[in-house]
Amino acid sequence: MKTLSEESLLLPNPLREGLVEERIPEPAAMVIFGASGDLTRRKLLPALYSLTRDRLLPARFAVLGFGRQVLSDEAFREEMRHGCEEFARRRPVDPALWAAFARNVFYQQGAYDDPAAFRRLKVRLEEIEHTLGLPGNRVFYLSTPPSTFAPVIRSLGHANLAPKPAPGQPFSRVIIEKPFGIDLQTARALNTEVHDILDEQQIYRIDHYLGKETVQNLLVFRFANGIFEPLWNNHFVDHVQITGAETVGVEARGGYFEQAGSMRDMVQNHLLQVLSLAAMEPPVAFEADAVRDEKLKVLKALRFIPVSDFEQQVVRAQYAAGSIGGKTVPGYLSEPDVSPRSTTETFVALKLFIDSWRWAGVPFYLRSGKRMPKRVTEIAIQFKEAPHLLFGKRGETIRPNVLSIRIQPDEGIALNFGSKLPGPAMEIAPVSMEFRYGSSFGVEPPEAYERLLLDCLLGDGTLFTRADEVEASWSWVSRIHQRWAEQVAAGRTTLDSYPAGSWGPDAADRMLAADGRAWRLP
Ligand code: BG6
């Protein structure tokens, strides 16, 4: 089999010839803070390697890992190679290509709040840039615990490593991992700290759901097709369900999850981002601020859940022992680093309203849970029933039309409708018209991190969250946390339980049943 040689990295790719949009960034260096952590090995380096394999990175590109652990360049490269072998989309790793890529991968040890370590980092970075002929364009990736975000950014500022943008000068951009704050107050405080050093346009707050192909396809589906948008409103839509279900438990992240819970871990970021794309008005352009302005309007239009309706609109629960796929799994309270008296939620279901002309009166039901029977993320738009059924009793099998957008796995879109059963009688059966990514395009969608790293290098912030968006979503979510805290203070917790391997507590079903509806079985 032909392998890619080092030189071929620099040659034009004939398959890409004639493509209108060559999205190759300028030569740059990427500094990864938290380089000895899991995310770097599982996601970041594999994404950079796959981008190199697809010839989407500039030929001159360097990675400098920074972490507290003492590691040589060689040891870091070896570790990253294993990560790529296990997790890169483009596998097996091509030895010649890896050798060329890894030659520009380096490691530097240091603490995140040590000015001397940042001075050494600067010297090292400048040396690398000089040797490789890089123009000084830099991306700093904060893959570190949230408590270090502000200290790292301050240290970058003191070392003058990330100057504000100026015409004709190289760029400095900073990618910040989640969680961005743990409530409205902390998110605001972090925004203030970050804005002391950086301009908003230098800041890339990452939410990896926005890097998923299917999430982006939501925009194409809605705004590149003429037939759906006229139906996308309260005249035609009965309700919307958004599900983010996982089979995994908290794995080795009990310590983190105890503080987060599903509301902070999945809803505040991923599900509210998906919701805002599904519900937003058409932006005036497919540009970062135009898209983010429209998403922001949705987040700002989320109606705060009144205390009087709180228990009908918010359900939270924790998994007990159960079984998934025939395998017995322990309950949350038996997970490592979890308090045996924990009241952290691993499941949340919500009914919410968007106070806008488009969505007035349309409930959005969201649910997210760990240890569900199946891993599935989807948006289901359920349309209103036909106003008058012509088919009498035979029409009883007619179900409302549902458009389901499958974000993962089996990425695709399905439209359910009623069809006449073949035969002399007027019998009706539900059928489905489906589009599947895999079979239509014959390729696996790229990893979310590939797209997001590339976009940041290109200076495109469309798929990253802006300061005001983050604050708007925390503002809504923090009210729910506040109410839970009040309930706990009053000695009554509303935490339900569900067996691992089920679709959540009965209370979540009752929430929809009260409205004459039911959760879809995805
Ligand atoms: C992360 C959460 O942000 O998203 C995890 O911290 C969760 O708890 C993960 O498992 C889900 O991401 P994905 O891409 O597997 O749906």
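For ligands, and for the atoms within them, numbers begin at 1 and follow the listed sequence.
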Pairs where residues 313-329 contributes a residue and the test side chain to side chain donor-acceptor pair (under 3.5 Å) is met, not counting sequence neighbours: Tyr319-Glu335
Going by distance only, is there an N or O of Asp265 that falls short of 3.5 Å from an N or O of ligand 1? yes
Closer than 4.0 Å to some heavy atom of Arg375 - which atoms of ligand 1 meet that? 13 (P), 15 (O), 16 (O)
Under 4.0 Å to a heavy atom of Lys370 - the qualifying atoms of ligand 1, by number: 5 (C), 7 (C), 8 (O), 10 (O)
What protein heavy atom sits nearest atom 16 (O) of ligand 1, and how far off is it? Tyr209 OH, 2.5 Å
Suppose I only count heavy atoms of His208 and a 4.0 Å limit; which atoms of ligand 1 are within that range? 1 (C), 3 (O), 4 (O), 12 (O), 13 (P), 14 (O)
Under the side chain to side chain donor-acceptor pair (under 3.5 Å) test against Lys370, which residue among Glu246, Glu345, Glu251 passes? Glu246
Ion pair Asp289/Arg466, N-O distance below 4.0 Å: yes
With a 4.0 Å cut-off on heavy atoms, does Phe257 reach ligand 1? no
For ligand 1, which atoms, with element, lie under 4.0 Å from some heavy atom of Arg253? 2 (C), 5 (C), 6 (O), 8 (O)
Report, in ascending order of atom number, the atoms of ligand 1 lying under 4.0 Å from any heavy atom of Lys212. 13 (P), 14 (O), 16 (O)
For Gln408, take its heavy atoms, then give the atoms of ligand 1 lying under 4.0 Å from any of them. 13 (P), 16 (O)
In this structure, which one of Arg292, Gln273, Arg205 forms a side chain to side chain donor-acceptor pair (under 3.5 Å) with Glu469? Gln273
Just to be sure I'm reading this right: ignoring hydrogens, which of His270, Lys43, Arg264, Glu246 gets closest to atom 11 (C) of ligand 1? Compare them by their nearest heavy atoms. Glu246
Lys43 atom NZ: more than 12 heavy-atom contacts under 6.0 Å: no
Using a 3.5 Å distance criterion without hydrogens, assess whether the side chain of Thr247 forms a donor-acceptor pair with backbone atoms of Arg375. no
Is it the case that atom NZ in Lys374 sees more than 12 heavy atoms from other parts of the structure closer than 6.0 Å? yes
Give the atom numbers and elements of ligand 1 that come within less than 4.0 Å of a heavy atom of Lys178. 1 (C), 2 (C), 3 (O), 6 (O)
Are more than 12 heavy atoms, taken from residues, nucleotides or ligands other than Gln312, located less than 6.0 Å from that residue's CD atom? yes
